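Reviewing the structure listed below.
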Amino acid sequence: MLSMPRTVPAFPACSNRLQKKWNDRAYKLHLQKMNRMKHGLDTKKPKTFYHMQINMKKIQAEEQRQAIIDYENRILLAKLTNVLRSNGHLDNWNWDYEPKSLNGPFMEREQEKIAQQNSKIQRRLNNVNGVYDSDKWEDEYLMHEYYLSQKTQETKSYEIDTRGFEGLKISNEDDTGEKQEGEVQQESIKPSPEKRMLKKQPTKLPTIGNLRKKEQEKKKKEEFSKPKEYDDVEDSTKLFRVIKGLGQTQKNLIEALVRRTYAQRHQTKVKFQAQYKLDLETELRTKLGEDYDAIFDALLKERQTYDALCLNHALLTQSYTTIVEILCTRNNKAISLIKDAYKVEFDQTIEDGIKDNFSGDAMKMMLALAKGARRETGSVDEEEVESDVDYLIDAGDSRWNMEGQLLNLMENKSFEHIGSVFQRYTQKSGQNLKRELQNVLAADMKVMMLTLVKCFDNCVQYFADVLHSSLKKGDHLTVLRIITTRAEIDLVLIRREYKRRFGVLLEDDVERKCTGRLKKMLVHMISVHAPAITTTNETHNTKTKSVRLPKFRPPPKMKPLHKPTQKKTVRIASANPLLSTSPRRSPRRSVNDKK
């Protein structure tokens, strides 16, 4: 390794060329060092750190502010949506806010005391009877008017009636024989036409007391049972007022839906759609809520759709009587429509629904009834009835198994034929059919067969019994279903049978045992679609009953006394005391005679 030469040699060079070479080399090294030399000041860009480039706190504050804005926007959007849906009602979402106060418990105790005192006062007011009897005042007023009319008839009128003599000059002679104009002759005075009419038509004695009350109640019932004339425009307007929250909701629903027939209700539904471009059923459900769902199902849906809904509910709850009742009281066309509506509503056939919920003979019987392919001729073949009865008798203990001839009977034969078979079987076998079914069958099959026999035996009586048991159990949906579906068919007969069997009117029992909004609607429906029927025997009995006389009686008219005429042919007996001149006296007995 060569060492760096010194720039200034300590001794003279032996060769100038070598010295020059050494000097050039040292100069180059000097220049290189000069070029590599660095200055002491650092003029570079300072180093940047990540936490200085991004301000996380600022970003967090902005996110919180944006979250608050989004929250307030959601609240505002919910308020606007509620305004649009509720048609501009007041925003009362915080109505249940309870202000916090330290004096709250004391105020609650005071409010409880006030409520107790108010309830006591209300109880006392309800138990207090009125001092003044308005019925007595009404009776006295009617009798007063009657007495005044009688008095005006008996009082003579001394007024001169000059009507009809305005254009005439009637004269009267004075003592000198001269006629004076402007005077009316006394002989021409006649009573007024009003007085003559009063004399010809005496005032009738008013009805007062209990008879007046009965007549008023009778008029109210007649007015209550007569619906107003149907007008689809007026009814749709009433229902629109219900949707908008105007007027009396229940009253408008009763007048526009309950007191109308099935065809009128659906005509109103079509008119409402055409008039307001809204669906009536959807709008009513949105406005009135779930409390009215059962009512709107019964009144506004198509009959087959409502039957499909009832059948589905019966299948889910395994109500055998409802299924048999609906299938046994509908004809083939109605059953076909019900099956189509069931498939539309629940996306499956009614046969699949029966198979999913039942099994065994019960399933076979329901499938046979739901087939809807039976004969519907009104006539009954007696020979065929006899053959079916003989088969049932010969089958022995297996006669009520749902197979063979009995299954064919349920599927294909008419309802009249099945009813005749059951009646002939009772007569020929000498056994009570219902009692035999109760002893032979069990569980669900027994209930279904008994329901079937009752429907075929007396359908009206069966519905009356179901209504009575449903009211007793509080099953208001069954009561609503029977009344709405039978309103225009045989509700009048059901009402009369209910009164005969249980001794009370159907509407009175419904009003006493039903609760809520359903009570008033059912009472109105019964009164309109099932008015009271009076038979010939009932009218005869009402005529023969003794009528209670009113408290006030008119004065009796005395007949004039007539002197009796003596018959000349009658001879008076000689022993008559009237012939003797002096009255006969019985001889007095002496004291001695008495002894």
Side-chain angles (χ1 to χ4, degrees), residues 82 86 89-139 209-210 212-214 216-217 219-221 223-224 238 241-259 284-296 298 467-480 483 502-527:
N82 189 21
S86 61
H89 288 183
L90 294 177
D91 183 11
N92 56 353
W93 61 272
N94 58 349
W95 62 271
D96 56 347
Y97 174 74
E98 297 181 359
K100 298 179 181 179
S101 174
L102 297 176
N103 200 24
F106 175 75
M107 294 173 64
E108 289 181 359
R109 289 194 297 269
E110 291 295 324
Q111 291 295 329
E112 289 178 359
K113 290 181 181 179
I114 293 172
Q116 290 177 1
Q117 293 175 1
N118 289 338
S119 63
K120 291 179 181 178
I121 293 172
Q122 184 180 5
R123 200 180 304 117
R124 288 198 297 269
L125 290 175
N126 292 332
N127 295 330
V128 170
N129 295 325
V131 179
Y132 302 103
D133 190 0
S134 59
D135 294 331
K136 183 179 179 182
W137 287 359
E138 183 69 19
D139 295 341
N210 294 329
R212 180 177 61 81
K213 292 181 182 179
K214 290 180 180 179
Q216 290 178 353
E217 291 177 357
K219 289 181 180 179
K220 288 182 180 179
K221 288 183 178 180
E223 293 176 359
F224 185 72
K238 289 180 181 179
R241 290 173 64 85
V242 170
I243 294 171
K244 293 301 180 182
L246 304 174
Q248 300 178 4
T249 300
Q250 195 168 15
K251 180 181 178 182
N252 290 333
L253 287 177
I254 289 173
E255 291 180 355
L257 293 178
V258 177
R259 298 176 71 88
L284 287 175
R285 289 178 187 274
T286 305
K287 174 63 180 176
L288 300 179
E290 297 179 356
D291 295 340
Y292 286 87
D293 282 349
I295 299 172
F296 293 147
L467 283 173
H468 183 71
S469 61
S470 300
L471 287 172
K472 192 174 182 180
K473 293 185 293 186
D475 187 6
H476 300 158
L477 295 179
T478 302
V479 178
L480 175 65
I483 291 178
F502 307 107
V504 63
L505 292 175
L506 177 59
E507 57 269 27
D508 294 342
D509 217 5
V510 168
E511 188 172 6
R512 185 171 63 256
K513 295 180 181 179
C514 284
T515 57
R517 300 176 178 89
L518 192 62
K519 174 176 67 175
K520 212 168 186 180
M521 295 188 177
L522 290 177
V523 171
H524 277 267
M525 188 174 292
I526 294 169
S527 63

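Worth knowing before you read on, the calculation uses all heavy atoms, side chains too, and leaves out hydrogens, waters and symmetry mates. A quick note: this is a predicted structure, and the numbers were derived from the prediction, not measured.
- The closest side-chain heavy-atom distance from Glu138 to Ser134 is not below 4.5 Å.
- Remark: Ile114 CD1 to Ser119 OG distance equals 12.0 Å, nearest 0.5 Å.
- Note on Asp509 versus Arg512: salt bridge recorded, some NZ/NE/NH1/NH2 to OD/OE distance being below 4.0 Å.
- The CD atom of Glu108 sits 7.0 Å away from the CD atom of Glu112 when rounded to the nearest 0.5 Å.
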Legend entry - Worked verdict on Arg212 versus Asp135 for side-chain contact (heavy atoms from CB on, under 4.5 Å): CA-CA 9 Å; Arg212 180 177 61 81; Asp135 294 331; 3.8 Å; yes
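- If you take CG on Asn127 and CD on Gln122, they are separated by 10.5 Å, rounding to the nearest 0.5 Å.
- Cys514 places a side-chain heavy atom less than 4.5 Å from the side chain of His476.
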Could you tabulate the donor-acceptor pairs under 3.5 Å formed by side-chain atoms of residues 247-255, not counting sequence neighbours?
unit_1: Gln250; atom_1: NE2; unit_2: Arg517; atom_2: O; d: 3.4
unit_1: Asn252; atom_1: ND2; unit_2: Gln248; atom_2: O; d: 3.0
unit_1: Glu255; atom_1: OE1; unit_2: Lys238; atom_2: NZ; d: 2.7

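- Annotation for Val479 and Ser470: closest pair CG2-CB, 3.8 Å, computed over non-hydrogen atoms.
- Here the shortest heavy-atom pairing between Val504 and Asp508 reads CG2-CB, 4.3 Å.
- Using a 4.5 Å heavy-atom cutoff, the side chains of Met521 and Leu257 are not in contact.
- Here Ile483 contributes atom CD1 and Thr478 contributes atom OG1; the two are 11.0 Å apart, rounded to the nearest 0.5 Å.
- Scanning both residues, Lys513 and Leu471, for their nearest heavy atoms gives CD-O, 3.8 Å.
- Val242 is listed as a side-chain neighbour of Leu288, based on a closest heavy-atom distance under 4.5 Å.
- Shown here for Lys287 and Ile243, the closest heavy-atom pair between the two residues is CD-O, 3.4 Å.
- Counting only residues at least two apart or in different chains, ring-ring contact (aromatic ring centres under 6.0 Å, His included) contacts with residues 102-133 comprise Tyr132-Trp137.
- To the nearest 0.5 angstrom, His468 atom NE2 is 5.5 Å from Lys472 atom NZ.
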